[in-house]
Amino acid sequence: MTPTREQKIWMYEHMLVSRYLEEMIEEIYMEGKTPAFNMAAGPIPGEMHLSKGQEPCAVGVCVHLKPFDVVTATHRPHHIAVAKGVDLNKMTAEIFGKATGLSGGRGGHMHIFDPDVNFSCSGIIGQSVGPAVGAALSRKLQKKEGVAVAFLGEGAVNQGAFHEGLNLAAVWKLPVIFVIEDNGWGISVPKTASTAVEHNDIRAQAYGIPGHYVPGNNPLEIFRVAGEAIARARRGEGPSLIEIETLRMAGHFMGDAEQYRPKEELAMLKARDPIVAMRTYLMTVDKMSEAEDQEIVTRARKRAEAAIAFAKESPYPRGEEALEKVFV
Amino acid sequence: MTTVTSNVRKQTIARAMAEAIAQEMRTDPRVFVMGEDIGQLGGVFGNTRGLFEEFGPERVRDTPISETAFIGAAVGAAADGMRPVVELMFVDFFGVCMDAIYNLMAKNTYFSGGKLSIPVVLMTATGGGYSDAGQHSQCLHATFAHLPGMKVVAPSNAYDAKGLMISAIRDDNPVIYLFHKALQGMGWLGTEPASIVHVPEEAYTVPIGKAATVREGRDVTIVGITSGVHHALKAAEQLEQKGVSAEVIDLRSLVPLDREHVINSVRKTGRLIVVDEDYQSYGVTGEIIASVVEADISMLKSPPKRVAYPDIPIPFSRPMEQWALPNPAKIVAAYESMVK
Ligand SMILES: Cc1ncc(C[n+]2csc(CCOP(=O)(O)OP(=O)(O)O)c2C)c(N)n1
């Protein structure tokens with residue numbers, strides 16, 4: 001399964017949208033947080049887990065999905081939300097805590113919910129799994145079209161919810177795909193110190209489902225493997241597990257000094273930027289011209305800028321609105 | 001306070017916790033530490049800093065993100081003669097591992113007819129106020145205090161933090177040790193300066209189950225724990241400007257609960273306000289008020305008041321979160337409504 005030129009451009013452009021949005025968020029996040037870094041200060045308070053470097057996982061999978069397909073994500077959700085088609089303006093406003101945000105400011109960056117495109121996430125590690133399994137079950141019971149994809153970090157595979165969810169999906173042969181974004185780190189703990197196997201695709205065997213490992217953080221490879229797994233699920237042949245080697249280009253969250261991370265690894269980050277690699281690929285293989293690239297870059301940047309402007313201009317909720325929406 | 005030294009040695013709660021653990025590890029080889037990012041990183045909230053360097057990876061163990069496994073393992077190790085200190089990074093994460101906590105850790109002593117001792121210390125971060133939303137900002141005081149079989153402590157300052165930690169490690173029973181992020185002294189979480197106090201260098205204990213009067217007064221008793229104590233102290237200062245003398249009690253422990261201490265104070269002041277950053281209903285505020293009313297309702301000059309978190313998930317957006325949190329102004333207003 002190979003992507004068309006159009007699909008490749010789509011992937012490239014959505015990686016750019018996510019990256020530009022995060023770069024703008026990054027800058028605004030630091031307002032009010034210097035010289036002393038206080039998480040509570042500035043226009044965007046709270047934890048901020050950037051996904052830069054991990055964009056290939058999001059686009060390589062979500063390019064195969066329709067709005068009716070279900071995606072559950074993690075505490076690091078921006079790239080996936082962008083690729084799944086979450087309303088960018090409302091998502092950004094949510095990240096700013098504005099009344100116009102997806103949840104009116106109740107959720108924030110770790111709790112992006114957009115039912116219009118069947119996207120949700122949880123800040124609790126491993127808890128993307130159950131809801132995806134349940135959505136897949138619901139589609140099966142209702143004989144409704146659609147698959148579910150659960151994204152999780154490689155650190156999450158040591159959580160009980162992962163193993164229970166895999167088995168449940170396998171035994172009920174549900175249309176769900178588990179996508180592990182392996183960035184090698186769970187906060188300060190390297191994968192080698194927390195996980196007993198080198199690659200988690202092998203764990204699929206324990207549940208009798210196909211497992212794939214995708215090295216290289218390459219959208220085209222991810223496209224191929226995810227495409228096959230999703231097609232399989234759509235045919236009613238059951239779940240798959242995919243582990244993708246990816247790259248955390250930022251700290252665990254903003255403000256993380258990353259003293260635990262080897263200097264050589266930090267020095268390599270820029271050179272391993274998957275967006276740069278994708279651009280080079282498109283220029284050499286798909287003969288993307290400078291002009292076409294500029295057009296795509298400008299389009300992506302404008303979308304991000306518009307979302308930031310929308311968020312900035314939007315009003316805050318009133319304090320007492322906190323009491324609303326506990327129940328429907 | 002039990003110890004007086006001439007040199008003032010101000011410490012954060014984070015530092016005091018780490019020092020307490022280190023001192024116990026030096027004298028007791030059964031003590032070891034497990035949790036996420038507690039090794040080289042020194043804990044996300046700084047309370048294990050220096051332990052990895054001093055004691056090495058055998059006794060200071062970074063775990064996978066497997067709370068059920070390592071808290072369950074702490075119970076097993078404790079029953080087998082060790083004294084584990086384990087960290088659940090945020091109290092909010094109890095959901096993935098509560099069975100190990102309340103069905104194993106809290107009950108195995110009872111199930112064994114008192115033959116088994118389970119000396120686990122489970123330390124975990126509480127509290128909000130910095131826009132970390134509903135899965136990273138809760139206090140859950142009542143959730144743990146409600147379930148029998150675990151002691152529950154929660155310091156408001158570094159002196160108590162060290163003394164309570166040493167008591168917790170030496171206790172032969174499981175102890176939940178709740179530390180509030182805003183009091184931790186980590187700059188990036190904002191810091192309540194009043195939580196940074198003198199901490200004696202030598203090991204000492206603060207008894208579990210004993211409240212402390214942190215400010216004496218005549219007209220009203222304000223009871224709190226962790227952040228609530230600091231709100232209460234600030235409210236007491238504001239009330240003093242208005243000629244009202246407020247007594248402030250720091251519960252320090254939720255289990256056992258020092259009811260007598262509160263009752264004695266209310267007997268003197270005749271009025272009671274309870275402050276809690278945990279959800280209001282079925283919580284610490286109701287328990288304290290019930291204890292006073294059950295003891296002697298006639299000592300109250302007016303109905304008691306509570307200043308607690310409303311019964312809603314914690315919102316991310318700053319205006320909503322700040323609106324919902326307890327604060328000194330709400331305590332002052334509670335007093336004024338009592339005497340109107
Ligand atoms: C149940 C639970 N335990 C611990 C945490 C704290 N925590 C947040 S992110 C994280 C590391 C996650 O690593 P990984 O799953 O690999 O995702 P990454 O951060 O690398 O994207 C941890 C331990 C949590 N949110 N939930």
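Chain naming here is simple, since letters A, B, ... match the order of the sequence lines and numbering starts at 1 in each. For the numbers below, each heavy atom of this structure counts, side chains included, while hydrogens, waters and symmetry mates do not.
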Go through it in stages, so that I can follow the logic: the residues are B:Asp37 and A:Val189, the test is side chain to side chain contact (heavy atoms under 4.5 Å, CB included), and I'd like the CA-CA distance, side-chain angles, deciding distance and then a yes or no. CA-CA 6 Å; B:Asp37 305 277; A:Val189 179; 3.6 Å; yes

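- When heavy atoms are compared at a cutoff of 4.5 Å, A:Ala161 does not approach chain B at all.
- Note that the CE atom of B:Met320 and the CG atom of A:Leu323 stand 10.0 Å from one another [nearest 0.5 Å].
- In terms of non-hydrogen atom pairs under 4.5 Å with chain A, the most contact-rich of B:Glu67, B:Met186, B:Glu321 is B:Glu67.
- Shown here for B:Ala133 and A:His111, the closest heavy-atom pair between the two residues is CB-CD2, 3.7 Å.
- Defined by atom type and a distance below 3.5 Å, a donor-acceptor pair is missing between the side-chain atoms of A:Asn158 and B:Ser66.
- Within 6.0 Å of CD1 in A:Ile202 there are 12 or fewer heavy atoms belonging to other residues, nucleotides or ligands.
- The contact between A:Gln127 and chain B is made entirely by side chain atoms (from C-beta outward), counting heavy-atom distances below 4.5 Å.
- With chain A as partner, the option from B:Ser131, B:Ala324, B:Ala69 having the largest number of non-hydrogen pairs under 4.5 angstrom is B:Ser131.
- Around the NE2 atom of B:His146, the shell of radius 6.0 Å holds no more than 12 heavy atoms that belong to other residues, nucleotides or ligands.
- Taking the side chain as every heavy atom from C-beta outward, B:Pro313 and A:Val326 approach each other to under 4.5 Å.
- Under a cut-off of 6.0 angstrom, the local environment of NZ in A:Lys90 is sparse, with at most 12 non-hydrogen atoms contributed by other residues, nucleotides or ligands.
- Note that the CD atom of A:Glu47 and the CZ atom of B:Phe316 stand 11.0 Å from one another [nearest 0.5 Å].
- A distance of 7.0 Å separates OH of B:Tyr130 from CE of A:Met39, quoted to the nearest 0.5 Å.
- At distances below 3.5 Å, not a single donor-acceptor pair connects side-chain atoms of B:Ser317 with backbone N or O atoms of A:Gly105.
- Side chains of B:Glu36 and A:Ile187 form no contact here, defined as non-hydrogen atoms less than 4.5 Å apart.
- The CZ atom of B:Phe93 sits 5.0 Å away from atom CD1 of A:Ile124, with the distance rounded to the nearest 0.5 Å.
- For A:Ser103, no part sits under 4.5 Å from any heavy atom of chain B, backbone or side chain.
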Applying side chain to side chain contact (heavy atoms under 4.5 Å, CB included) to B:Asp132 and A:Met110, what does each step give before you reach the verdict? CA-CA 9 Å; B:Asp132 217 359; A:Met110 272 191 278; 3.4 Å; yes

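- In this structure a side-chain-to-backbone donor-acceptor pair under 3.5 Å is present from B:Arg318 to A:Ala40.
- The two atoms that bring A:Pro317 and B:Pro319 nearest to each other are O-CB, 3.6 Å, heavy atoms only.
- One distance of note links CD1 of B:Ile312 with CZ of A:Phe327; it measures 11.5 Å at 0.5 Å rounding.
- Here B:Ile65 contributes atom CD1 and A:Phe162 contributes atom CZ; the two are 12.5 Å apart, rounded to the nearest 0.5 Å.
- B:Gln40 places no side-chain N or O within donor-acceptor distance of the main-chain N or O of A:Tyr260, the cut-off being under 3.5 Å.
- Within 6.0 Å of the OH atom in B:Tyr102, the count of heavy atoms belonging to other residues, nucleotides or ligands does not exceed 12.
- Most heavy-atom pairs under 4.5 Å with chain B: of the set A:Ala36, A:Ala99, A:Gly42, this distinction falls to A:Gly42.
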